[in-house]
Amino acid sequence: MNPKELKITWIDSRNDDIQIKLNELRKRLSPQGNVVSQKGKQRTIDIFGAPLTPQEVVELICREVAQKGMPALLDYCRRIDQAELTPETIRVSEKELKQAHKNVSPAYLQTIRNIRNNIVDFQTAIRHQDIRLERPNGWLAERYRPMRRIGICVPGGAAAYPSTVLMTAVPAQVAGVPEIAIMVPPTQFGAYNDNLLAACYELGIHEIYRMGGAQGVAAFAFGIPGDRPEVEIKRVDKIVGPGNLFVALAKKRVYGEVDIDSIAGPSEVVVIVDESTRADFTAYDMMAQAEHSPGASILIGWNEAAIRNTIFEIERHLSTVERGELTRQSLEEFGAVILAQNEDEACRLTNWIAPEHLHIATQNAEFLANKILCAGAIFLGNYTPVALGDYAAGPSHVLPTSGTARFASGLTCNDFLRANSLLSFNQNGLEQFADDINCLATIEGLTAHRESVNIRRPDSFE
């Protein structure tokens, strides 16, 4: 049986306007909330009684949760997730966590421990350290202190994601955050999933809430008061973790009330190949991102035979993956193949795309990596697939999407630290800066600033 032809967008840099075509692709994957399926539009009408845009939905939910607290949160859990919860059952109990931990296999728990150790090793190595700089008659310092409380969004609609718990909570633990709360939808893949709950318990996380979407983000951002501690949801300092469009827009909406990691769009990968690349390896690399559905997989190379071999291997193997039809749909709607003129152009295009994941599967991968300025995480060689970083190696898989790698970076333990600068000088130490302060303060017309220094100068006491 011949494999079914894959109708993926083909771009030839010699003939096509690459920027226009890639802009079209980027718009389809943007987390701005302008693109909603017909099914999604109908569901909005069914829930809210009007054809609201995603931004309008998020604004309404956040406003009502902020104003009405627990009744609004429970109402949206019922209307959106069909979950009948109470103030007492919205939080997963300690008994349920312990039971989930007992229910899963010892091998699974050992996997959680192994990956946690990998993450701890890497995050500890890159953690910011306090510094102190001695100066004549004084000193300067930068010190780092952990945030007090963070909230983590864990998806749970189509699959269970204990990897997200690991890749968000463990960096926060390395930073020293004392309170970590998790929100996960009240579904079989979320708050009722033993593997997910067992991972939380194994990591020492005991505060898990059965809530998802914009209502969960709002609850973390504004807090939900209660008449007793067990029915209260305390507000957090920062919200991190992936989610659907409504989670992304809600994080954008509450930024300023709390900090956030990013406003994330769908997952994406760029794979750069040459004649040395294993086409069957690359086929699975492309499918791995596309199976997120939506997920963008872009193949770039300057050897046409290598590219065509990869497409053939994708066509051959699509039927072997569990989410094959969704993967095909994602490749055809959001994927692209770019035939570049040479490796320099391939790198230039990659920098313009600024992908979340970049896999350079060429014989000179490290050399090409030095030409890349904009990518969330870079994977080098045929034996470093993106899944290695997504699941086990140590860096977090929470990475900038939708071209934001131009200015943003992946999540690390340092994102949970707050920096304080400290200054300490005696009178002689202040005197060495006094003339320069006088000059600038006078030019800016801030004379109280100037005099706050002058009153401390030695001649002011004569």
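A donor-acceptor pair under 3.5 Å is absent between the side-chain atoms of Ser409 and the main chain of Ala405, judged by distance alone. With hydrogens and angles ignored, the 3.5 Å screen pairs a side-chain donor or acceptor of Arg127 with a backbone N or O of Ala175. With hydrogens and angles ignored, the 3.5 Å screen pairs a side-chain donor or acceptor of Thr86 with a backbone N or O of Glu88. The backbone N or O of Thr89 lies less than 3.5 Å from a partner atom in the side chain of Arg210, making a donor-acceptor pair. With hydrogens and angles ignored, the 3.5 Å screen pairs a side-chain donor or acceptor of Asp237 with a backbone N or O of Arg149. With hydrogens and angles ignored, the 3.5 Å screen pairs a side-chain donor or acceptor of Asn117 with a backbone N or O of Arg113.
Glu268 and Ser297 share no side-chain donor-acceptor pair at under 3.5 Å. Residues Thr320 and Tyr284 bring a donor and an acceptor atom of their side chains to less than 3.5 Å of each other. Between the side chains of Glu257 and Tyr255, no donor-acceptor pair of N or O atoms lies under 3.5 Å. Checked by atom type, the side-chain pair Glu313/Thr310 shows no donor-acceptor distance below 3.5 Å. A side-chain donor from one of Asp285 and His359 sits under 3.5 Å from a side-chain acceptor of the other. Side-chain atoms of Glu64 and Tyr76 form a donor-acceptor pair, as typed in the model, at a separation below 3.5 Å. Asn303 and Asp274 share no side-chain donor-acceptor pair at under 3.5 Å.
Of all heavy-atom pairs spanning Ile300 and Ala346, the tightest one is CG2-CB, 3.6 Å. Closest non-hydrogen pair, Leu196 versus Tyr108, comes out as N-OH, 4.4 Å.
Classification of the His206-Tyr201 ring pair by plane angle, with boundaries at 30° and 60°, yields perpendicular. Between Phe379 and His357, the angle of the ring planes lies from 30° to 60°, which puts this pair in the tilted group.
Taking 4.0 Å as the cut-off between side-chain N and carboxylate O, Asp75 and Arg78 count as a salt-bridged pair. Looking at Lys251 and Asp261, a side-chain N of the basic residue comes within less than 4.0 Å of a carboxylate O on the acidic one, giving a salt bridge. Contact check on Lys371 versus Asp344 returns a salt bridge, with a Lys/Arg side-chain nitrogen under 4.0 Å from an Asp/Glu carboxylate oxygen. Looking at Glu315 and Arg328, no side-chain N of the basic residue comes within less than 4.0 Å of a carboxylate O on the acidic one, giving no salt bridge.
Contact of the Val92 side chain with the Tyr209 side chain is not registered, since no non-hydrogen atoms from C-beta on lie closer than 4.5 Å. Side-chain atoms of Cys200 and Ile182, non-hydrogen and from C-beta on, do get closer than 4.5 Å to each other.
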Arg228 vs Glu232, salt bridge (charged side-chain N to carboxylate O under 4.0 Å, His left out): CA-CA, chis, key distance, verdict: CA-CA 7 Å; Arg228 54 193 188 282; Glu232 174 189 17; over 6 Å; no
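The ring of Tyr161 has its center no closer than 6.0 angstrom to the ring center of Phe189.
For the pairing with Asn420, the side-chain hydrogen bond (donor to acceptor under 3.5 Å, both in side chains) check across Arg145, Glu142, Arg143 returns one residue only, Arg143.
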